Amino acid sequence: MADIRQPARLTEAVAQLLGRAPMLRVVLAFAAGIGCAELFPTVGMLLPALVALMAAGVAAVGASGRVRWLTPAFLPFLWLLFMALGFLTATHHRTTPSDGLPASGWCVADREPVLFSVRLADTPRQAPRTYKVAARVEAVYDGTTWQEADCPVLLYLHKDSSAAALQYGDRLVVHARPQRPDSSINPYQFDYRRYLLRKGIAWQCYVALEAWHRQPDSLASHRGLLAWSKRVQRHLVQRLQATTLSQQHKGMAAALLLGWRDDLEPSTLLHFRQAGIMHLLCVSGLHVGIVAWLAGLLFLFMGKLRWQRVLKGSVQLLAIWGFTFVTGMAPSTLRAAVMFSLLRIGYMAQQRPMVLNNLCTSALLLLFVNPGLLFDVGFQFSYTAVVGILALQDPLRSLVKLPFEKRWTAPVRYVWKLVCLTLSAQFFCMPLQLYYFHEVYIWFIIANLLIVPFAGLLLATVLAVVLLPQASGLGHAAVWLAGQELHAADGLAAWVGGLPCAVLDNLYCSPFMFVLLAVALLLVTLFLRSRLRWPLPVAAAVLMVEAVCLTVVNMRAAHRHEVVVYKADRHLAVECFDGRHSYLVCDSVVARNPEEIRFQREGMVNHCRTLSTTVLPVDTVFNDGRCALQDGILCFGEERIDLSLKRKRSRR
């Protein structure tokens, strides 16, 4: 009887979940429609026709008087309806390279520079060699007159002080050659063109030092909440730069409080990444949750009456959106603000709200405004982490029974709660981490226990540094305290990141393996929540299939014998794969720093499971019996390549 009851219990649990969170069904169907628009743009047009047919069928069932058939027919109709809405919304928001451009003037963009006027849609951000900023084309000069236009473009401005001084809303006149972003031209390379199109950007433009000028008083005609927010963020960054904090701590403070990462030092980024706490330097859900928690501390003395919940929730909403405003209303912060606002509103309306239902409502609103968020890595990580906390935190806490009546166990209970929260969020995000970044952080739990509990204090201290006058005694005390806290945080992150095997990188995860890992994780969660017996052996079987897939991939890589010629700007790069070792033949610039072409070769190296690489400058002499290089002639197996010809082409 146990085997018969378990599927019934599972069906009952799923029905209960969908009944208590009806928005879950809606957002899943809406997301499926967006996925159809992305994967099957032509086949997806059948969805509206299917919806019409099912609507006719439901109407016929209702007219026939057979009420018992109405519910089974109506639910699939609703699923298809929301799928069709998602498909139509994604199709409506899809960007094409010609959207908003005049018929003439811009058509020569692929051949020669064009004179056009743009309005900056963001604050310029520092890139390795340029300043990168999104803008909107307002007019294009066709040789005789200016023609109106409305098209997004990504500008790469030459790095100098004048470009660094630009602000959101500035109007520029640019003389440059717009180009379509490159797609994945190298094997397994990240598709940058698709990435920008999902963000609504169809063109990019590299602007030389004297090929642009700022129109005077351009900000006077561009006012609004977003422009004000960007100026406040820039002003607060300048206030931090004027303090006596070290340059490293100024960058950390600006990233922690304002989401401004341009001043972060590479060593700080490396420490926090290897420790598995990079989310601390990226303003998102963690920071918004901390701000809401700090605002809620003001009402600890209150009970749980309705008016008390409404007052507390209102103050928390003001704090959330005030924090979002000073961070420049960045997309990641806006997503987190919408999510936490709906969660707070649900708490204000009910003492025990259905958190999952409110979470799905916020996701539906964001996807309706911008369907491309479904493929945004930050959006996926944010909602996956929250779902993981909701699904896995309580089952993990129940694994260890602590005596709640003992006062001395209060710190232990707090630490265990934090451990469960961190593990649940990290475990649910692990498939995404493997699929997108091919790495896992081993000691993340130590860093989260040592640093994240004090993130609220650190955030409050940096906020005091920004708000208090620098000449006052309190201002000096806040700066000193913030410096000590930031130094401790960076030191702890460096210590954790320096532990043995802190980062396991170059891990292979195909889409099929990603699905297998996600299914195994869901089965383990089901086992912990329902105590059913069968999910655990099924999860073990799924993980065995995952291991078999990885073994097959490694066996294929061990017998690989292939030559790849990379298209890497003006660099020469040819890589010969011999099993899980490779020979990278390149020019002198890449030989000194192979990171120059990391973006071009990272996907191929991971796919080939390469363990080691021998870097060979093109003008060297080398022969190990497998690969030979002399006088610009590369011999690898039966392949013989004259690199002098390719070198001339790369220079062009």
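Reckoned from all heavy atoms, side chains included, excluding hydrogens, waters and symmetry mates. Computed from a predicted structure; not experimentally measured.
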Is it the case that more than 12 heavy atoms not belonging to [X] sit under 6.0 Å from its [atom1] atom?
X	atom1	answer
R125	CZ	yes
Y195	OH	no
H581	NE2	yes
M544	CE	no
Y435	OH	no

L432 vs V377, side chain to side chain contact (heavy atoms under 4.5 Å, CB included): CA-CA, chis, key distance, verdict: CA-CA 8 Å; L432 292 174; V377 178; over 6 Å; no
Would you tabulate the side-chain donor-acceptor contacts of residues 503-526 under 3.5 Å, counting partners in other chains and residues two or more places apart, or write 'none'?
| residue | atom | partner | partner atom | Å |
| --- | --- | --- | --- | --- |
| N506 | OD1 | N606 | ND2 | 3.1 |
| N506 | ND2 | T610 | O | 2.9 |
| S510 | OG | M513 | N | 3.3 |
| T525 | OG1 | L521 | O | 2.9 |

Test side-chain hydrogen bond (donor to acceptor under 3.5 Å, both in side chains) on Y441 and Q426 and set out the steps. CA-CA 10 Å; Y441 312 116; Q426 191 71 23; over 6 Å; no
According to salt bridge (Lys or Arg N to Asp or Glu O under 4.0 Å), who are the partners of R580, at least two apart in sequence or on a separate chain?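 None.
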Indicate the atoms forming the closest heavy-atom contact of [X] with [Y], along with that distance.
X	Y	result
G497	A502	O-CB, 3.2 Å
V615	P594	CG2-CG, 4.2 Å
A275	A493	CB-O, 3.7 Å
V283	L258	CG2-C, 4.1 Å
E439	L434	O-CD2, 4.2 Å
N448	G276	ND2-O, 4.1 Å

For a 4.5 angstrom cut-off between non-hydrogen side-chain atoms, does [X] reach [Y]?
X	Y	answer
L365	V369	no
L392	L423	no
L390	L359	yes
N370	L366	no
Y383	S362	yes
L449	I445	yes
V496	I277	no
E265	H271	no

Find the distance between [atom1] ([X]) and [atom2] ([Y]) and round it off to the nearest 0.5 Å.
X	Y	atom1	atom2	result
L317	S341	CG	OG	5.0 Å
E38	R194	CD	CZ	5.5 Å
D263	L240	CG	CG	9.5 Å
K417	C420	NZ	SG	10.5 Å
R609	F577	CZ	CZ	12.5 Å
T268	Q247	OG1	CD	10.5 Å

Ignoring hydrogens and geometry, is there a side-chain-to-backbone donor-acceptor pair from [X] to [Y] under 3.5 Å?
X	Y	result
S424	A391	no
D262	Q126	yes
Q233	T327	yes
D376	F379	yes
N186	K567	yes
W443	P500	yes
S229	F325	yes
Q204	L154	no
Q189	R601	no

Output, in order, the C-alpha distance, side-chain angles, deciding distance and verdict of salt bridge (Lys or Arg N to Asp or Glu O under 4.0 Å) for D122 and K230. CA-CA 8 Å; D122 201 351; K230 297 291 185 182; 2.9 Å; yes
Residue pair T333, T324: steps toward the side-chain hydrogen bond (donor to acceptor under 3.5 Å, both in side chains) verdict: CA-CA 6 Å; T333 316; T324 305; over 6 Å; no
Please verify the inter-ring angle class for [X] with [Y]; under 30° counts as parallel, over 60° as perpendicular, anything in between as tilted.
X	Y	result
F444	F427	perpendicular
Y436	F381	tilted
H287	F323	parallel

Candidate pair L264 and F272, rule side chain to side chain contact (heavy atoms under 4.5 Å, CB included), full reasoning: CA-CA 11 Å; L264 277 174; F272 278 75; over 6 Å; no
One thing to verify: whether R556 and E562 come together as a salt bridge, which I'm taking to mean a side-chain N less than 4.0 angstrom from a carboxylate O.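 No, E562 and R556 are not salt-bridged.
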List the steps and the verdict of side chain to side chain contact (heavy atoms under 4.5 Å, CB included) for T422 and V452. CA-CA 10 Å; T422 303; V452 174; over 6 Å; no
Please say whether the positively charged group of R198, taken as NZ for Lys or CZ for Arg, lies over the ring of F375, i.e. under 6.0 angstrom from the six-membered ring centre and within 45 degrees of the axis.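 Yes, a cation-pi geometry holds between R198 and F375.
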Quick one: do L257 and L236 satisfy side chain to side chain contact (heavy atoms under 4.5 Å, CB included)? Show the steps, please. CA-CA 10 Å; L257 179 65; L236 295 180; 5.8 Å; no
Go through the steps for E596 and R129 under the test salt bridge (Lys or Arg N to Asp or Glu O under 4.0 Å), then give the verdict. CA-CA 12 Å; E596 288 280 343; R129 300 175 182 175; 2.6 Å; yes
